[in-house]
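Whatever order the structure lists ligands and atoms in, that order sets their numbers, starting from 1.
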Amino acid sequence: MAIETTTPLPTRHAKLGDMFAEGGASYSFEFFPPKTDKGEQNLFHAIRELERLQPSFVSVTYGAGGGSRDRTVGVTQRIATDTTLTPLAHLTLVNHSVAELRQVIGQYADAGVRNVLALRGDPPGNPQGEWVQHPEGYAYSADLVRLVRASGDYSVGVAAFPEKHPRSPDLETDARFLVGKFEAGADFAITQMFFHVEDYLRLRDMVAALGCDKPIVPGIMPVTNVAQIEKFAILSNAVFPEDLAARLHEVEDDVDAVRHIGVEYASDMCVRLMAEGVPGLHFITLNKSTATREIYERLDLTPKPS
Ligand code: FAD
């Protein structure tokens, strides 16, 4: 199925809020900070492969500890200065005072990064553990949205949860918190990975019913490895479809067959989501390019040579 792309591609330092306001659909990729120099080499290889797909932006997640945080900042800066891509920098409140948050925002600004995904982050080591606020930090991501906004000319995104955040008491309250983040100044949201399109549509409709029309971009994770399934359930709280899990287990020793099923499932989700008029698709790449490139082929999104 061919999908029309009407949005002109943003320039390197474009603000994503402006891009979403112009309409059309965005296509974006998420990476995580590599732990080693070799990992960084592999990541930039994947980035070069994916650069050809001309994504609207790429994002780099923010780790829990010092070393990986430095890598996030370094990789995001390198994307801004060495590639044609528009970076979105993730930033979390975990173990940070407000002064430290300001400092990281300043490092992004120095590299020309104009887009920040403002997050609270999970407790380090155990995502389900008790959240502890830094004594000189913030309690909620909405506070970080306000800080980034007050720090300069940035576009700010936030996290959204189609199956509700695990700590939210119910879906309705969770939708209200998301609207609160938009009211704090967020221009757009990107969702946690999910595997049932209905969960996304329910959140979108609840937010709309609260009078908010800001873009909520679905986060898509193509499964490429059976061991990921259990890990996902713990990390994201996303309910994994039993029939998909059974199909993947049947071929679990065949890497290509697993990826084929994961790509097919993710592509079918994308087709349904695009038919629903979503503002974009955000692909969680796990620093690899093959699955995302295959989805692009299936959706006929690969840019044609001019
Ligand atoms: P918040 O918006 O602060 O919400 C935290 C909790 O407080 C929720 O239960 C919420 O319902 C509740 N809440 C919110 N506002 C209020 C309020 N006003 N009053 C009372 N309760 C409230 N984690 C990382 O460590 N690094 C990353 O790079 C990263 N990237 C992510 C990208 C995406 C797209 C998503 C969806 C998640 C990402 N995460 C990342 C995970 C995220 O940090 C965790 O899910 C975290 O537990 C919640 O973050 P938040 O920004 O939604 O927090």
Problem - Closest protein heavy atom to atom 38 (C) of ligand 1, given as residue, atom name and distance to 0.1 Å - result: Leu119 CD2, 3.7 Å
Practice task
Starting from atom 52 (O) of ligand 1, locate the nearest protein heavy atom and write down its residue, its atom name and how far away it is, to 0.1 Å.
Solution key: Lys181 NZ, 2.9 Å
Exercise for the section: Apply the ring-ring contact (aromatic ring centres under 6.0 Å, His included) test between His282 and each candidate in Phe57, Phe31, Phe29, Phe188; give the one that qualifies. Expected result: Phe57
Completion exercise
Taken to the nearest 0.5 Å, the spacing of Gln77 CD from Tyr108 OH works out to 8.0 Å
Problem - Protein contact of atom 17 (C) of ligand 1 - nearest heavy atom, named by residue and atom, plus distance - result: Phe177 CE2, 3.4 Å
Practice task
Give the residue, atom name and distance (to 0.1 Å) of the protein heavy atom nearest atom 41 (C) of ligand 1.
Solution key: Asp122 OD2, 4.0 Å
Exercise for the section: Any atoms of ligand 1 less than 4.0 Å from a non-hydrogen atom of Tyr62? List them with their elements. Expected result: 24 (C), 25 (O), 26 (N), 27 (C), 28 (O)
Fill in the blank from the handout: Taking only non-hydrogen atoms of Gln192 and a 4.0 Å limit, the atoms of ligand 1 in range are 36 (C)
Exercise for the section: Check whether more than 12 heavy atoms from other residues, nucleotides or ligands sit under 6.0 Å from atom NE2 of His45, and answer yes or no. Expected result: no
Practice task
Give the residue, atom name and distance (to 0.1 Å) of the protein heavy atom nearest atom 34 (C) of ligand 1.
Solution key: Ile190 O, 3.5 Å
Handout entry: Expected output: side-chain Thr191 to main-chain Ala160 donor-acceptor under 3.5 Å
Key = no
Handout entry: Candidate list Gln103, Arg69, His134, Glu136, test side-chain hydrogen bond (donor to acceptor under 3.5 Å, both in side chains), partner His96, passing option
Key = Arg69
Practice task
Output yes when the distance from some N or O of ligand 1 to some N or O of Thr61 is under 3.5 Å, and no in every other case.
Solution key: no
Completion exercise
ligand 1 atoms nearer than 4.0 angstrom to some heavy atom of Thr191 are 34 (C), 36 (C)
Practice task
Report yes or no: is the cationic atom of Arg167 (NZ for Lys, CZ for Arg) closer than 6.0 Å to the six-membered ring centre of Trp131, at no more than 45° off its axis?
Solution key: no
Exercise for the section: Using a strict 4.0 Å cut-off to heavy atoms of Phe161, name the atoms of ligand 1 that fall inside it. Expected result: 45 (O), 52 (O)
Problem - Protein contact to atom 4 (O) of ligand 1 [nearest heavy atom, distance to 0.1 Å] - result: Tyr140 CD2, 4.6 Å
Exercise for the section: Could you tell me whether a side-chain N or O of Arg293 sits under 3.5 Å from a main-chain N or O of Leu50, the two making a donor and an acceptor? Expected result: no
Fill in the blank from the handout: For Leu117, the ligand 1 atoms with a heavy-atom partner under 4.0 Å come out as 32 (C)
Problem - Backbone of Gly185 reached by a side-chain donor or acceptor of Arg149 within 3.5 Å - result: yes
Problem - atom 9 (O) of ligand 1: nearest protein contact (heavy atom, Å) - result: His165 ND1, 2.9 Å
Exercise for the section: Report yes or no: does a heavy atom of Val60 sit under 4.0 Å from some atom of ligand 1? Expected result: no
Fill in the blank from the handout: In ligand 1, the atoms that come under 4.0 Å of a heavy atom of Ser168 are 9 (O), 10 (C), 11 (O)
Problem - Asp187 (side chain) donor-acceptor with Asp18 (main chain) under 3.5 angstrom - result: no
Practice task
Name the closest protein heavy atom to atom 23 (N) of ligand 1, giving the residue it belongs to and the distance to 0.1 Å.
Solution key: Gly121 CA, 4.0 Å
Completion exercise
If we number the atoms of ligand 1 from 1 as shown, the ones under 4.0 Å from a heavy atom of Ser141 are 1 (P), 2 (O), 3 (O), 51 (O), 53 (O)
Fill in the blank from the handout: Quick look: Arg167 vs ligand 1, heavy-atom contacts under 4.0 Å, and the answer is both
Exercise for the section: Answer yes or no: does atom CD of Glu198 have more than 12 heavy-atom neighbours from other residues, nucleotides or ligands under 6.0 Å? Expected result: yes
Exercise for the section: Flag atom 15 (N) of ligand 1 as yes if some protein heavy-atom distance to it falls below 4.0 Å, otherwise no. Expected result: yes
Problem - Lys288 NZ: over 12 foreign heavy atoms closer than 6.0 Å - result: no
Exercise for the section: Flag Thr92 as yes when one of its N or O atoms lies below 3.5 Å from any N or O atom of ligand 1, and as no otherwise. Expected result: no
Handout entry: Main-chain N/O of Ile216 paired to Tyr200 side chain as donor or acceptor, under 3.5 Å
Key = yes
